[in-house]
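Okay, so here's the structure we're looking at.
Worth knowing before you read on, the calculation uses all heavy atoms, side chains too, and leaves out hydrogens, waters and symmetry mates.
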Amino acid sequence: MKRLALLALLVVFVSFGCSQQPAQESKTEDAKPSGVTYVTIGTGGVTGVYYPTGGAISRVVNQKSAEYGIKATVESTGGSVYNINAVLAGDLEFGVAQSDRQYQAYNGEAEWADRGPQKKLRAVFSVHPESITLIASAESGIKGVEDLKGKIVNIGNPGSGQLQNSKDVLEAADLTEEDIKAEYAKAVEAPGLLQDERIDAFFYTVGHPNGNIKEATSGRIKVMIVPIVGPSVDKLVNKYSYYAKSVIAISNYPTAVNDSDVESVGVKATFVTSEDVAEDVVYAITKEVFENFDEFKKLHPAYSVLTKESMLQGLSAPIHKGALKYYKEAGLDQYIKPELMM
Ligand code: GLU
């Protein structure tokens with residue numbers, strides 16, 4: 001028995017030792033005296049599009065690890081707000097965040113209202129479009145936002161991008177969190193909760209297609225993607241510059257009960273960093289994404305609409321100087337709003 005315990009301890013010790021980066025690192029350091037800079041990209045839940053986006057960005061930059069001495073890794077997180085705060089605190093070097101959340105952080109609104117404008121936030125580029133996606137069980141009878149009254153609705157975890165979007169959409173329909181039974185679970189848990197009939201509906205601001213909505217629409221319970229439309233939604237889009245009308249292609253989710261594409265409201269996924277992150281690191285990542293654009297675009301179906309020009313739109317924090325250096329070299333700075341080039 002004692003021997004077994006000792007053996008188990010040894011196994012744990014050895015495998016723990018092997019997983020330590022510094023031990024592996026020393027080899028690389030011998031070969032490259034300057035060492036390797038590790039950067040971490042904050043993403044979202046594993047069934048969303050941010051997680052593979054972090055994977056796609058790290059893939060293109062890690063192909064040139066030997067040249068740049070940069071190794072990017074990806075972390076699954078609670079989403080946009082978490083990522084922005086972690087980047088600002090220096091806990092993460094990069095994060096994926098919704099364009100509306102980038103705007104709010106830089107201007108000191110929503111979750112940042114108490115702390116004021118987050119002037120160290122920097123934009124690198126934007127990625128795929130995201131739609132505020134409302135998913136409901138067919139049985140709940142929810143056909144529009146106004147039907148959410150009295151229902152159990154997951155509006156998003158604190159730290160997510162969607163939490164504020166859900167509140168805005170509810171407010172536009174003259175509803176508050178008090179009018180529904182609000183849940184605050186992570187998006188990754190929502191399809192299971194819906195299929196187990198523990199919630200009637202959930203909000204998720206996300207690019208399409210994605211595994212989360214596939215999971216939600218392909219279970220035992222019949223599910224509908226609920227349109228977010230009407231005069232109140234028009235007002236919402238007119239009020240906030242970061243919201244635009246969007247359409248969710250139903251061909252992505254053939255087992256949903258909808259028979260046509262679903263109108264909604266959208267934002268953009270963006271890639272952000274802090275003023276404090278080194279210029280050469282941001283330059284290298286930006287350059288590798290743009291110089292391998294065709295390869296990058298193939299890494300997720302939500303990127304099918306991307307153009308280099310579109311990746312410079314939807315930003316509201318100043319462009320990081322490392323990224324700007326690349327855009328100037330590549331002649332892409334013509335697509336950037338002048339006020340973001342400081
Ligand atoms: N938009 C979501 C958020 O900011 C994440 C979506 C995703 O992971 O693809 O929390």
Evaluation steps, ring pair (Phe, Tyr, Trp, His ring centres under 6.0 Å), between Y327 and F290: CA-CA 9 Å; Y327 297 139; F290 280 81; 5.3 Å; yes
Considering all heavy atoms of both residues, which atom of L121 and which atom of A317 are nearest to each other, and what is their separation? O-CB, 3.6 Å
Flag side-chain contact, heavy atom, 4.5 Å: V60 against F293: no
Within the structure provided, determine whether L299 and R59 are in side-chain contact (heavy-atom separation under 4.5 Å). yes
Side-chain donor-acceptor pair under 3.5 Å between Y303 and T53, yes or no? yes
Treating S166 as the side-chain partner and I155 as the backbone partner, does any N or O pair qualify as donor plus acceptor under 3.5 Å? yes
Charged N to carboxylate O under 4.0 angstrom, K222 versus E139? no
A105 and I84 have their tightest heavy-atom pair at CB-CG2, 3.8 Å
Donor-acceptor contact present, side-chain E197 to main-chain L194, <3.5 Å: no
Taking all non-hydrogen atoms of both residues into account, name the closest pair between A269 and V96 and its distance. CB-CG1, 4.2 Å
Ring geometry between H128 and Y50 (parallel below 30°, tilted from 30 to 60°, perpendicular above 60°): perpendicular
Begin with the C-alpha distance, continue with both residues' side-chain angles, and end with the deciding distance and a verdict on side chain to side chain contact (heavy atoms under 4.5 Å, CB included) for I248 and D261. CA-CA 6 Å; I248 302 164; D261 290 348; over 6 Å; no
Whether D200 side chain and V153 backbone form a donor-acceptor pair below 3.5 Å: no
Do V226 and V265 sit in the same hydrophobic cluster, where Ile, Leu, Val, Met, Phe, Trp and Tyr count as joined when their side-chain heavy atoms come under 4.5 Å apart? yes
Donor-acceptor contact present, side-chain D196 to main-chain L193, <3.5 Å: no
Ring pair (Phe, Tyr, Trp, His ring centres under 6.0 Å) between Y283 and H320: does it pass, once the steps are laid out? CA-CA 9 Å; Y283 173 83; H320 188 282; over 10 Å; no
Quick one: which residue pairs count as a side-chain hydrogen bond (donor to acceptor under 3.5 Å, both in side chains) with a foot in residues 148-161, not counting sequence neighbours? none
Taking the side chain from S274 and the backbone from D276, do they hold a donor-acceptor pair closer than 3.5 Å? yes
For residues Q102 and Y242, is any side-chain donor paired with an opposing acceptor at under 3.5 Å? no
Side chains of N210 and H208, heavy atoms from C-beta outward: is any pair under 4.5 Å? yes
Decide whether F202 and I180 are clustered together by the hydrophobic rule: side chain heavy atoms of Ile, Leu, Val, Met, Phe, Trp, Tyr closer than 4.5 Å, transitively. no
Taking all heavy atoms of V289 and all of I57, pick out the closest pair and write down the distance. CG2-CG2, 4.2 Å
Short question: side chain of E263, backbone of V247 - any donor-acceptor pair under 3.5 Å? no
Evaluate Y253 against N258 for side-chain hydrogen bond (donor to acceptor under 3.5 Å, both in side chains), listing each step before the verdict. CA-CA 9 Å; Y253 309 107; N258 307 65; over 6 Å; no
Does L148 reach the side chain of L134, with side-chain heavy atoms less than 4.5 Å apart? yes
May I ask you to decide if I132's main-chain N or O and S264's side chain share a donor-acceptor pair within less than 3.5 Å? yes
Without swapping roles, check the side chain of K297 against the backbone of L306 for a donor-acceptor pair under 3.5 Å. yes
Heavy-atom side-chain proximity of D333 to M341 below 4.5 angstrom: yes
Worked check of salt bridge (charged side-chain N to carboxylate O under 4.0 Å, His left out) between K321 and E275: CA-CA 8 Å; K321 56 185 187 302; E275 181 191 48; over 6 Å; no
So that I can tick it off, tell me whether R198 and E183 are bridged by a salt bridge, with the cut-off set at under 4.0 angstrom between side-chain N and carboxylate O. no
Is K239 close to K235 at the side-chain level, that is, under 4.5 Å between some pair of heavy atoms? no
Is there a salt bridge (charged side-chain N to carboxylate O under 4.0 Å, His left out) between E111 and R101 once you walk through the steps? CA-CA 9 Å; E111 276 91 336; R101 308 314 235 138; 2.9 Å; yes
I'd like to know whether NZ of K308 has more than 12 heavy-atom contacts from other residues, nucleotides or ligands below 6.0 angstrom. yes
Could you see if V46 belongs to whatever hydrophobic cluster contains V206? Use Ile, Leu, Val, Met, Phe, Trp, Tyr and a side-chain cutoff under 4.5 Å. no
Would you check if there is a donor-acceptor pair between the side chains of E109 and Y240 at a distance under 3.5 Å? no
Taking T77 for its side chain and T43 for its backbone only, find out whether a donor-acceptor pair lies under 3.5 Å. yes
Among side-chain atoms of Y243 and D168, is any donor-acceptor pair under 3.5 angstrom? yes
Of all heavy-atom pairs linking Y106 and S316, the shortest is CD2-O, 3.9 Å
Checking side-chain polar atoms at under 3.5 Å, does E130 have a donor or acceptor matched by the opposite partner on T205? no
Under the side chain to side chain contact (heavy atoms under 4.5 Å, CB included) criterion, do I41 and L92 qualify, and how do the steps go? CA-CA 6 Å; I41 303 170; L92 293 172; over 6 Å; no
Specify the closest pair of heavy atoms between I319 and L324, including all atoms of both residues, with the distance to one decimal. CG2-N, 3.8 Å
Apply side-chain hydrogen bond (donor to acceptor under 3.5 Å, both in side chains) to Y68 and E288, showing your working. CA-CA 11 Å; Y68 293 121; E288 289 314 311; 2.5 Å; yes
Check for me, please, whether V127 and I285 land in the same ILVMFWY cluster - side-chain distances under 4.5 Å, paths through other members count. yes
Parallel, tilted or perpendicular: which fits the ring planes of F94 and F271, with parallel below 30° and perpendicular above 60°? parallel
By side chain to side chain contact (heavy atoms under 4.5 Å, CB included), Q195 pairs with (sequence neighbours left out) R220, I221, V223
Spacing of N212 atom CG and Y204 atom OH [to the nearest 0.5 Å]: 5.0 Å
Side chain of S126, backbone of K268: donor and acceptor closer than 3.5 Å? no
With a 3.5 Å cut-off and no angle check, do the side chains of D100 and Q104 form a donor-acceptor pair? no
Answer yes if I142 and V233 sit in the same cluster of Ile, Leu, Val, Met, Phe, Trp and Tyr residues linked by side chain heavy atoms under 4.5 Å apart, and no otherwise. yes
Please determine, by modelled atom types, if N85 and W112 share a side-chain donor-acceptor pair under 3.5 angstrom. yes
Once salt bridge (Lys or Arg N to Asp or Glu O under 4.0 Å) is applied, do any residues pair with D234, and if so which ones, sequence neighbours excluded? K245
Should I225 and I250 count as side-chain neighbours, where that means a heavy-atom distance under 4.5 Å? yes
Walk me through whether S131 and S246 qualify under side-chain hydrogen bond (donor to acceptor under 3.5 Å, both in side chains). CA-CA 6 Å; S131 284; S246 71; 2.8 Å; yes
Check whether more than 12 heavy atoms from other residues, nucleotides or ligands sit under 6.0 Å from atom CD of E146, and answer yes or no. yes
Kindly indicate whether the side chain of Q162, heavy atoms from C-beta on, has any atom under 4.5 Å from the side chain of Q98. yes
In this structure, are over 12 heavy atoms from other groups packed under 6.0 Å from F296 atom CZ? yes
